[in-house]
Participant: 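Below you'll find the structure I mean.
Residue numbering restarts at 1 for every chain, and letters A, B, ... go by the order of the sequence lines. We use all heavy atoms of the structure for the numbers below, so side chains are in, but hydrogens, waters and symmetry mates are not.
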Number of protein chains: 2
Amino acid sequence: MATIGDVARVAGVSRSTASYALSGKRTISADVRRRVETAVRDLGYTPNAGARALATAQTRVIGLLAQFLEDEFAPAMLQYMLGVSNTARELGYDILLATEADGRNALRRMTDSRMVDGIVLLNVAEHDDRLPILREAPQPGALVGLPADCTGVDVFDLDFEDAGRLMVDHLHRLGHRELVLVSQPEHVVERGGAYVWRLQNAAIEAARTRGITLHAEFGSAHQPEVGRDLHGLLDAYPRATGLLINNEAAAAALPTVLHERRLTAPADLSVVGRYSDEFARTFSLPYSSIESAPDRLGRMAVRELVRRIEGQAGADEPHVVRFVTPELVDRGSTAAPRGD
Amino acid sequence: MATIGDVARVAGVSRSTASYALSGKRTISADVRRRVETAVRDLGYTPNAGARALATAQTRVIGLLAQFLEDEFAPAMLQYMLGVSNTARELGYDILLATEADGRNALRRMTDSRMVDGIVLLNVAEHDDRLPILREAPQPGALVGLPADCTGVDVFDLDFEDAGRLMVDHLHRLGHRELVLVSQPEHVVERGGAYVWRLQNAAIEAARTRGITLHAEFGSAHQPEVGRDLHGLLDAYPRATGLLINNEAAAAALPTVLHERRLTAPADLSVVGRYSDEFARTFSLPYSSIESAPDRLGRMAVRELVRRIEGQAGADEPHVVRFVTPELVDRGSTAAPRGD
DNA sequence: CTGAAAGCGCTTACAG
DNA sequence: CTGAAAGCGCTTACAG
């Protein structure tokens with residue numbers, strides 16, 4: 001492969017001049033610039049990334065830590081990854097991807113060896129054991145998901161509390177008085193998946209305020225168990241007229257469950273989910289839902305991360321915690337309850 | 001961050017000795033080794049990846065080119081990515097991920113700048129425009145998917161022809177005489193997705209040989225269109241007793257379509273799909289299927305790639321084209337046709 | 001406007 | 001068994 005030395009020789013200039021001509025970091029005569037550009041083209045020159053990283057202490061690579069946990073639903077995770085990856089590319093960064101179970105190790109490897117300029121953490125838990133490592137690292141970090149302690153990192157998440165209120169208020173306004181909320185599996189809560197109880201607690205509180213009944217339950221993250229869970233809940237609460245779904249696997253299973261029970265939404269049951277529009281299309285879900293905006297959250301995280309990497313953020317500019325306001329996408333699966 | 005120089009100083013040895021003590025590439029006295037190890041621990045030393053890459057011309061990174069095309073089904077792609085990523089990690093490699101639409105550009109960027117030691121291509125088309133670039137690159141490449149021309153790369157794929165025959169034979173043996181095959185969208189074929197017609201042609205040929213009828217059709221890659229496609233096909237061929245599905249989106253939509261038509265497999269219709277077991281679980285698909293083995297294919301591709309990277313493959317060892325033999329996973333969705 | 005030189009942090013022949 | 005030095009391919013102060 002051609003090196004900057006080859007370019008310099010062919011262009012008849014010094015290596016530093018060749019380098020400056022390419023970076024544009026100092027004024028270069030039109031003639032020299034042209035000769036360098038020609039040489040670059042003729043030789044098919046591309047800078048060696050390792051050498052550049054060594055000289056500049058910048059890799060133009062972002063580390064992406066994604067975990068595919070047993071109790072979470074993989075296709076939902078993919079959306080976040082693509083949001084991060086595509087935004088990174090637009091901003092001129094590549095993605096070093098870690099999917100291994102041991103996120104601490106992956107994080108340490110990437111940051112200690114200086115393979116990356118910054119880190120995006122997905123799947124953030126309440127007390128995420130990767131956070132202490134990330135805070136120690138010299139590279140900035142951005143999270144998708146809200147931990148208990150946000151110091152030292154930029155944090156982006158859906159406002160799950162608002163989402164819980166919105167779901168309950170929407171159905172309350174239509175006249176519903178007894179609702180069932182299906183959350184993610186209880187393991188997720190135990191592991192520290194705060195988004196579960198953030199939505200759930202807010203929904204419970206909203207129901208209490210409105211004086212209506214809300215049965216908050218957990219559902220499996222897997223088929224076919226989650227289908228059985230849904231049948232069980234519909235059996236257990238026959239008078240409930242509204243179903244709130246904060247569990248992607250449950251949402252994916254619901255069409256089949258409703259068919260099996262010969263129920264139609266919204267005629268027999270009003271349904272509101274919480275998932276992305278892309279997810280709804282993939283799984284052909286006809287239910288109104290709170291948009292979880294994974295692509296937007298991924299974009300926001302990368303944008304802020306790059307601002308910090310490139311020093312546009314100001315050395316000691318405080319870190320941000322930013323919530324995306326949930327919006328209800330109406331797919332016509334809610335209405336006034338039967339006989340109302 | 002600590003450098004090898006710091007380690008050497010603290011251990012009271014030269015930098016080369018420190019380096020050799022860590023690599024084990026020459027004999028080191030027990031005493032020196034111990035001092036170096038202690039220094040490494042005390043300083044929290046990790047080698048700088050860029051510097052090492054520059055010195056050794058090895059990055060221990062594999063480039064993974066995945067495309068999320070409009071006419072393909074994203075969750076299916078994810079399986080391949082995880083197979084590649086997890087195997088790479090086991091073998092000590094990290095993954096540089098490109099998801100951008102312009103795969104040629106991504107490939108060139110990664111290989112020219114020497115960011116990676118090798119490349120895995122997913123989503124390979126019959127005449128894939130990334131292949132000429134990959135062949136020119138100094139790094140070895142492994143493909144998941146069979147192109148027309150396999151020179152210069154290692155190729156791994158499901159034996160789609162065998163899969164087509166297996167599907168037809170299986171139903172023929174049970175007594176079926178009229179079948180419908182739903183393939184991926186016709187765009188995929190036009191773009192050069194050879195796996196579509198490889199399975200289809202083999203199925204057609206097998207049907208001809210057995211003297212039975214096979215209606216080969218294309219289906220959309222999206223919900224809800226593909227559901228309508230399925231209804232249309234079942235309307236068009238009311239006497240068909242067997243359904244072959246080589247289209248992930250169609251497989252995902254089928255439970256709903258069958259419910260809507262009040263049909264049960266295998267009582268009313270025998271169904272055989274072609275997708276992975278993981279995919280079946282995610283989408284709760286109760287149909288017998290040809291295992292597409294994405295994780296296994298990802299593993300195979302990475303293993304061979306690493307063999308070449310590390311020179312265990314022998315400089316001019318011929319490239320391989322390896323097919324995974326399809327296996328039918330029996331989920332009980334096939335039986336003798338009604339009234340047989 | 002341009003060049004010679006130092007330095008980024010490693011590894012590895014070369015010498016002893 | 002160990003050390004001094006060269007070199008990987010860049011960038012960027014320093015000098016002119």
Side-chain angles (χ1 to χ4, degrees), chain A residues 1-37 39-40 43-61 109 111-117 138-139 310-311, chain B residues 1-37 39-40 43-61 109 111-117 138-139 310-311:
Chain A
M1 287 297 280
T3 71
I4 189 92
D6 299 323
V7 171
R9 195 167 24 75
V10 170
V13 298
S14 73
R15 301 194 309 152
S16 57
T17 299
S19 177
Y20 282 118
L22 291 174
S23 69
K25 286 192 183 169
R26 76 180 182 192
T27 37
I28 298 282
S29 71
D31 174 48
V32 165
R33 163 164 300 136
R34 221 168 301 118
R35 269 151 50 206
V36 169
E37 279 165 3
V40 164
L43 293 166
Y45 170 74
T46 308
N48 178 300
R52 177 173 276 180
L54 186 57
T56 62
Q58 292 239 334
T59 62
R60 301 207 65 90
V61 174
R109 190 174 65 245
T111 55
D112 285 357
S113 68
R114 303 302 236 267
M115 299 179 90
V116 299
D117 292 341
Q139 297 96 335
E310 300 185 350
Chain B
M1 287 297 281
T3 70
I4 189 92
D6 299 324
V7 171
R9 196 169 23 74
V10 169
V13 297
S14 72
R15 302 195 308 152
S16 55
T17 299
S19 177
Y20 281 118
L22 291 174
S23 68
K25 287 191 183 172
R26 75 181 184 191
T27 37
I28 298 282
S29 71
D31 174 48
V32 166
R33 163 163 301 136
R34 220 168 299 117
R35 267 149 53 204
V36 169
E37 279 164 5
V40 164
L43 294 166
Y45 169 74
T46 309
N48 178 301
R52 175 173 278 181
L54 186 57
T56 61
Q58 292 241 332
T59 62
R60 301 207 66 91
V61 174
R109 189 173 68 246
T111 55
D112 285 358
S113 69
R114 303 302 236 267
M115 300 179 88
V116 299
D117 293 341
Q139 298 95 338
E310 301 186 348

Participant: For the residue pair B:M115 and A:V61, establish whether any side-chain heavy-atom pair is separated by less than 4.5 Å.
Facilitator: yes
Participant: Determine whether B:T17 and B:S14 satisfy the following criterion, side-chain hydrogen bond (donor to acceptor under 3.5 Å, both in side chains), listing intermediate values before the conclusion.
Facilitator: CA-CA 5 Å; B:T17 299; B:S14 72; 3.0 Å; yes
Participant: Could you state the CZ-C1' distance from A:R15 to C:dC8, rounded to the nearest angstrom?
Facilitator: 13 Å
Participant: For B:L54 and B:S23, find the nucleotide of DNA chain C closest to each by heavy atoms; which residue's nucleotide sits nearer the 5' end?
Facilitator: B:L54
Participant: When you get a sec, tell me which of C:dT11, D:dG9, D:dT2 is the closest nucleotide to the side chain of B:T56?
Facilitator: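 Of the candidates, C:dT11 comes closest.
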Participant: In whole Å, I'd like the distance from the OH atom of A:Y45 to the C1' atom of D:dT11.
Facilitator: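 Computing the A:Y45:OH to D:dT11:C1' distance gives 10 Å.
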Participant: Which residues pass the side-chain hydrogen bond (donor to acceptor under 3.5 Å, both in side chains) test with A:E37, sequence neighbours left out?
Facilitator: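 Scan of A:E37 (side-chain hydrogen bond (donor to acceptor under 3.5 Å, both in side chains), adjacent residues dropped) gives none.
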Participant: Looking across every strand, which nucleic acid part, if any, lies under 4.0 Å from B:S19 by heavy atom: base, sugar-phosphate, or nothing?
Facilitator: base
Participant: Applying a 3.5 Å limit to both distances, which nucleotide forms a Watson-Crick or G-U wobble pair with D:dG16?
Facilitator: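 Per the H-bond distance test, C:dC1.
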Participant: Enumerate the protein-to-nucleotides 13-16 of chain D contacts in which both atoms are nitrogen or oxygen and the separation is below 3.5 Å.
Facilitator:
{"unit_1": "D:dA13", "atom_1": "N7", "unit_2": "A:Y20", "atom_2": "OH", "d": "3.1"}
{"unit_1": "D:dA13", "atom_1": "N6", "unit_2": "A:Y20", "atom_2": "OH", "d": "3.3"}

Participant: Ignoring the backbone of A:I4, work out which of D:dC10, C:dT2, C:dG9 is nearest its side chain.
Facilitator: D:dC10
Participant: Let me see the working for A:R114 and A:Q139 under side-chain contact (heavy atoms from CB on, under 4.5 Å), right down to the final yes or no.
Facilitator: CA-CA 9 Å; A:R114 303 302 236 267; A:Q139 297 96 335; 3.8 Å; yes
Participant: Run the side-chain donor-acceptor check on residues 25-34 of chain B: report pairs under 3.5 Å with partners two or more places apart or on a different chain.
Facilitator:
{"unit_1": "B:S29", "atom_1": "OG", "unit_2": "B:V32", "atom_2": "N", "d": "3.3"}
{"unit_1": "B:D31", "atom_1": "OD2", "unit_2": "B:R35", "atom_2": "NH1", "d": "2.6"}

Participant: Taking the side chain of A:T27 as heavy atoms from C-beta outward, which of C:dC10, C:dC1, C:dA4 is closest to it?
Facilitator: C:dC1
Participant: Hey, does the side chain of B:S19 reach the backbone of B:R15 with a donor-acceptor pair shorter than 3.5 angstrom?
Facilitator: no
Participant: Tell me whether the side-chain N/O atoms of A:K25 come closer than 4.0 Å to OP1 or OP2 in D:dT12.
Facilitator: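 For D:dT12, OP1 or OP2 has a side-chain N or O of A:K25 closer than 4.0 Å.
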